[in-house]
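The figures that follow rest on heavy atoms only: side chains count, while hydrogens, waters and symmetry mates do not. Please read all numbers here as calculations on a predicted model, not as lab measurements. One is the number of the first residue; the rest follow in order along the sequence.
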Amino acid sequence: MRALKILALLVLAALLVPYVLTPFYRAGHPVSTLMVWRRLTGAPVSRQWIDLQAMSPYLPRAVVGAEDAHFCKHQGIDFGALREAINNAKEGEGMRGASTITQQVAKNLFLWQGASYVRKALEFPLALWIDAMLPKQRILEIYLNIAELGPSGQFGAEAGSNFAFGHSAANLSPREAALLASILPNPHIRNARLPGPGVRRLAGTYMARAQAVTTCWGENRGF
């Protein structure tokens, strides 16, 4: 019985750790659980932090347009998109398209990869907490610095841009920004350096969406 109580306390402490750490992520350069895992297993990891205001303004717009059109309006979870995804799943189309940028930050910072109802159950309240504790600008900045954006351990906009285009994320053109957005969430299958027809089509769509994105994070220069 005592062992069970100790185990329950350990599980509870593990569940509370993300909630304790989140307010401290208002500053600093956090890393994802996948980055930590790759380093522990000896796999390559490349990440050079770049502040949101230093990035080309085309990139956050393209990523928000591609990943989370209501990013500036919801409180961590897009319940409208979630209902639509559930309805699509009931009709046999698969459960997709409902994960917000904030949810992806929650998953990448504190949880694990892969589809799992347990992970989703942990992810939802954590996304609400992250949205309450961190400004939108910071959430987007963290996401753009921890998202996997290359096939061989490139994480974040700077490493992804250098790998795909040979220059900093500060100098991304609208098309290049859209190409990076197009390889999310699987840069192992999609390639921004040598984009296939599907990625090029997505990039064209995301370039158009980016122009209609409502910003809530400020921009370093005009769009």
[Y] side chain reached by [X] side chain, heavy atoms, under 4.5 Å:
| X | Y | answer |
| --- | --- | --- |
| I77 | T102 | no |
| C216 | Q137 | no |
| P125 | Y19 | yes |
| Q103 | L126 | no |
| R39 | P44 | no |
| P135 | R26 | yes |
| N171 | S168 | yes |
| L179 | F165 | yes |

Report yes or no: is the cationic atom of R193 (NZ for Lys, CZ for Arg) closer than 6.0 Å to the six-membered ring centre of F163, at no more than 45° off its axis?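 Yes, a cation-pi geometry holds between R193 and F163.
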Can you tell me if [X] uses its side chain to pair, donor with acceptor, with the backbone of [Y] under 3.5 Å?
| X | Y | value |
| --- | --- | --- |
| R209 | G65 | yes |
| D51 | A54 | no |
| E158 | A169 | yes |
| R61 | V213 | yes |
| T41 | R38 | yes |
| T100 | G76 | yes |
| S182 | A203 | yes |
| N145 | I50 | yes |
| R119 | Q113 | no |
| R47 | A159 | no |

What's the shortest heavy-atom distance between [X] and [Y], and which atoms?
| X | Y | answer |
| --- | --- | --- |
| P23 | M133 | CG-SD, 4.0 Å |
| A164 | L180 | CB-CD2, 4.5 Å |
| K136 | H74 | NZ-O, 2.8 Å |
| R190 | P185 | NH1-CD, 4.1 Å |
| W217 | Q53 | O-NE2, 3.6 Å |
| M207 | P174 | CG-O, 3.8 Å |

How about [X] and [Y]: does a side-chain donor come under 3.5 Å of a side-chain acceptor?
| X | Y | result |
| --- | --- | --- |
| E148 | Q154 | no |
| E176 | S161 | no |
| D131 | W129 | no |
| Q48 | S46 | yes |

Looking at [atom1] of [X] and [atom2] of [Y], how far apart are the two atoms once the value is rounded to the nearest 0.5 Å?
| X | Y | atom1 | atom2 | result |
| --- | --- | --- | --- | --- |
| S32 | F110 | OG | CZ | 11.5 Å |
| I146 | K107 | CD1 | NZ | 9.5 Å |
| I139 | L52 | CD1 | CG | 12.0 Å |

Give the C-alpha distance, both sets of side-chain angles, the deciding distance and a yes or no for side-chain contact (heavy atoms from CB on, under 4.5 Å) between L21 and Y25. CA-CA 7 Å; L21 289 179; Y25 286 155; 4.1 Å; yes
Kindly indicate, with the supporting measurements, whether the criterion side-chain contact (heavy atoms from CB on, under 4.5 Å) is fulfilled by I183 and N191. CA-CA 6 Å; I183 68 172; N191 192 327; 5.7 Å; no
Verify the cluster assignment for [X] and [Y]: are they in a single hydrophobic cluster under the rule of side-chain heavy atoms below 4.5 Å apart?
| X | Y | result |
| --- | --- | --- |
| L15 | L111 | yes |
| L144 | L134 | yes |
| L184 | L140 | yes |
| V17 | I130 | yes |
| L172 | L202 | no |

Any chance you could lay out the ring pair (Phe, Tyr, Trp, His ring centres under 6.0 Å) test for Y58 and Y206, step after step, and finish with the verdict? CA-CA 10 Å; Y58 301 114; Y206 295 158; over 10 Å; no
Atom CH2 of residue position W112 - does it have more than 12 heavy atoms of other residues, nucleotides or ligands inside 6.0 Å?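 Counting neighbours around CH2 of W112, more than 12 heavy atoms of other residues, nucleotides or ligands fall under 6.0 Å, so yes.
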With a 6.0 Å cut-off on ring centres, are F71 and Y143 close enough?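 Between F71 and Y143, the centre distance exceeds or equals 6.0 Å.
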Given a cutoff of under 4.5 Å between side-chain heavy atoms of I, L, V, M, F, W and Y, with clusters grown through shared members, what are the other residues clustered with L34?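 For the cluster that includes L34, the remaining residues are V31, M35, V36, L40, V45, F155.
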